[in-house]
Amino acid sequence: MSDTFYITTPIYYVNGTPHIGHAYTTIAADVVAEYMRMTGRPVRFLTGTDEHGQKVLEAAAKRGMTPKAHCDDMVVRWKAMMERLQIRYDRFIRTTDADHESVVTAVLQKLWDADEIYKATYTGWYSTSAERFWTEKDLVDGKCPDTGQPVTEITETNYFFRMGKYGEQLMAHIEANPDCIQPSSRRNEVLGFLRKGLGDLCISRPKSRMSWGIEMPFDPDYVTYVWFDALLNYMTGTGYHPESPAEGWDSWWPASAHLIGKDILTTHAVYWTTMLMAMGQPLPQTIYAHGWWIAGDGQKMSKSLGNTIEVDLLVECFGLDATRYFFLREIAFGADGTFSYEGFLSRYNVDLANDLGNLAHRGLSMTTKWLGGTVPPSSAPTDAEVALQALAASTVQTFDASMKGLQFHKALVAVSDLVGAGNKYVDAQEPWSLNREGKTERLQTVKRHVLELCYLAATLLLPVMPNKAAELLSKLGRTPDDARDSLRALLASGGSSALDGLVEGTAVTVGDPLFPRFREMPEPIAALFAAPEEEAPAEPQLSKRQLKKLKRQKKKAPPAPPERIEYADFAKVALKVGRVLEAEAHPDASKLLVLKVDVGEESPRQIVAGIRARFEPGDLIGRSVVVVANLAPAMLRGVESQGMLLAAGGTEVLDLVSVDAPPGEVVR
Ligand code: ME8
């Protein structure tokens, strides 16, 4: 198999507003692309914009511009987002690029000649908002299932791709290649969809209704359906062309990974794969559908949080590197995430300021103060150093396997664990005592190990935090190129040389802290949430006895909910679908059960629930539940509960709330 690595993001609707969701996919792709480059693989990284279709046409008309001029104007914001996030793509493709239009035209002609496309008259429900047809049974309450907007019944003659005939073949491919759709829950979703039977796909729009698209080569009255056009960008990006392919294009195909959000799973896992089958091309190695970021704490994703300004705000307040780190570290790739600024601040302070920043500072400042500011030699390792070495070697392996498997979260947890072990090592070795007691040789060995740990952490974090990692490397007297060489050597040695990357005698510098700690929310963010000052209501005068009674009551029962709350209050609660994996009686409380619940995260949550009177543990295994996912963890009779289940019933539990949806799905 070829050693090349070809990775893509979705091409974003040029009309849309770039927000943290788009930033997320793009950062993930950038990180894995850069990691693969570091390991020495030839990499091609494609991103871009999707520029045809009705919405673009309408938006352009509103502005009194031609659609192309409108796109030329809108695309600037997307390119600016990429630049701000330091995205190192190899090509930014636009579906209005001439080479792409030529590929789409030639593919259509080839499929038409091969009778993979036919013309037919069809009656269906057309959703203008989703720009597609639905059958009667697809509709939800008579509306578009994707957008909830009204649909119109249209009878139209169009061109259809014989997608249906590939259903069985696609199912067989997915069964035989378990990694081709990830995570596995998404693969099962696609298989479920295919088992219902696959129809043909309408791939044209009459120009009389919608003219902004690539003309059908065999019928000038029609343009190509926007998805058929857009998906082919992945082939254009390799240099493929049915008649005049660029030399070496097939070294990039099949793609190593298409990163997408779960919203566009079917178009990729079904439309795209069957199109490739009809074109006689191999299918991508992996289509990875990640979860959605939703705004927590009452912040609306689309307005206050979900726009470029807010990505910019994170970058402005915490820096680009911390922003890139946060999204990949915070949730497992595949799960949904609830964004909150508090969560961001705490992740920054804990992982970056306290752990990594602190380790670097301890290593560099003590070396400067006590050892003349150069990388010291290491001698006579004790068990502590042997253990660190073993951990470093296994960290490299975990990091590598996780990056290759697009498990960014796991990769970064491995680095955090290493850094944590480094800080514990410093605490245990007490270099300050070694210095005081004049045990210079031992002090040198300890400091060398701390600096080596920093070097390894900076090496592994380089694809994620290119600037901060380079800054740390420079403090250690090394460069990103040194780190790249070290990584390759480490991978070749299975990690055995993991703490041997620095050069004895090289000068180190302390400089400014890498990640200054934030004691409070940075001002520009705090200002977003500053409530207008209200007059405090007058305190009622209560006797001591009355006050005591009130306190007791308050302690016993949660306050009754107010009659009415604002949407923002409700939006603070993150509800998720869970599936009960395990259930057992609480060791120390007769009314409680201890459950393990899969909520679509990397590991199941432990939830303690007061439902023992209503349920036996065995009743619950496999049951779907609704979990309050952002409730602060609490100890319930000595067992930690990481969430709460929704149940019906007042004083007595009558039933648990269940929904028919996969674990991790958001409940709103
Ligand atoms: O669908 N959380 O473009 P699009 C996480 N043009 N990721 C999110 C997100 C969120 N809240 N919101 C958006 C299209 N994304 C088509 C694609 S590809 C041939 C054509 C990310 O602008 C995620 O990657 O609506 C999602 O799939 C993509 O943006 C949708 O971008």
Side-chain angles (χ1 to χ4, degrees), residues 7-30 46-56 59 71 74-75 77-78 81-82 85 87 92-97 100 103-104 129-132 146-147 186 213-214 224-237 255 257-273 275-276 284 287-296 299-303 305-308 310-311 326-328 330-339 406 408 574 600 664-666 668:
I7 184 148
T8 66
T9 71
I11 46 170
Y12 305 111
Y13 286 128
V14 76
N15 240 8
T17 306
H19 60 59
I20 60 169
H22 309 113
Y24 180 52
T25 323
T26 320
I27 291 169
D30 183 66
L46 182 75
T47 187
T49 42
D50 190 353
E51 305 196 348
H52 290 122
Q54 190 152 350
K55 282 183 218 147
V56 173
C71 292
M74 300 297 277
V75 77
R77 295 170 322 144
W78 289 98
M81 176 190 91
M82 306 276 169
L85 297 173
I87 303 301
F92 186 103
I93 193 168
R94 301 177 57 187
T95 50
T96 50
D97 286 343
H100 176 69
V103 167
V104 174
S129 50
E131 294 189 46
R132 59 163 292 178
D146 269 6
T147 62
R186 300 290 164 214
I214 299 174
T224 314
Y225 170 43
V226 64
W227 269 103
F228 193 91
D229 154 8
L231 288 161
L232 277 166
N233 93 86
Y234 300 131
M235 280 303 240
T236 309
H258 291 318
L259 300 192
I260 58 169
K262 63 181 183 180
D263 50 325
I264 52 176
L265 179 65
T266 310
T267 45
H268 282 78
V270 181
Y271 298 4
W272 178 224
T273 47
M275 282 165 67
L276 286 165
I287 295 173
Y288 200 113
H290 64 66
W292 276 337
W293 278 97
I294 51 167
Q299 304 150 29
K300 277 191 210 138
M301 176 82 185
S302 56
K303 286 195 180 158
L305 176 70
N307 56 33
T308 38
E310 302 308 327
V311 180
F326 170 82
F327 286 111
L328 298 185
E330 191 65 6
I331 53 165
F333 203 56
D336 289 336
T338 306
F339 181 87
L406 304 170
F408 305 100
E665 205 57 64
V666 172
R668 275 188 280 196

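Atoms within each ligand, like the ligands themselves, are counted from 1 in listed order. Nothing here was measured: the structure is a model prediction, and the numbers come from that model. When reading the values below, keep in mind they use all heavy atoms of this one structure, side chains included, and skip hydrogens, waters and symmetry mates.
- In this structure, the separation between OH on Y234 and CE on M275 is 11.0 Å, given to the nearest 0.5 Å.
- A distance of 6.5 Å separates CG in D229 from CG in D50, rounded to the nearest 0.5 Å.
- At least one heavy atom of G291 sits less than 4.0 Å from an atom of ligand 1.
- With distances taken over non-hydrogen atoms, the option nearest atom 24 (O) of ligand 1 out of V226, T25, T49 is T25.
- Of the heavy atoms in I294, none comes closer than 4.0 Å to ligand 1.
- Between L231 and ligand 1, not a single N/O pair is under 3.5 Å apart.
- Below 3.5 Å of separation, one finds an N or O of G261 facing an N or O of ligand 1.
- The distance criterion of under 3.5 Å between nitrogen or oxygen atoms is not met by Y234 with respect to ligand 1.
- Under the 3.5 Å distance criterion, with hydrogens and angles disregarded, no donor-acceptor pair is assigned to the side chains of W78 and H22.
- Contacts between H268 and ligand 1, counted as non-hydrogen atom pairs separated by less than 4.0 Å, involve the side chain only.
- Checked for salt-bridge contact, D146 and R132 miss the test: no charged N lies under 4.0 Å from a carboxylate O.
- Residues H290 and T25 have side chains that bring a donor and an acceptor to within less than 3.5 angstrom of each other.
- Here the shortest heavy-atom distance to atom 25 (O) of ligand 1, taken over Y13, W293, W272, F339, belongs to Y13.
- The shortest N or O to N or O distance between D263 and ligand 1 is below 3.5 Å.
- Under 3.5 Å, the side chains of H100 and T95 contain no donor-acceptor pair of N or O atoms.
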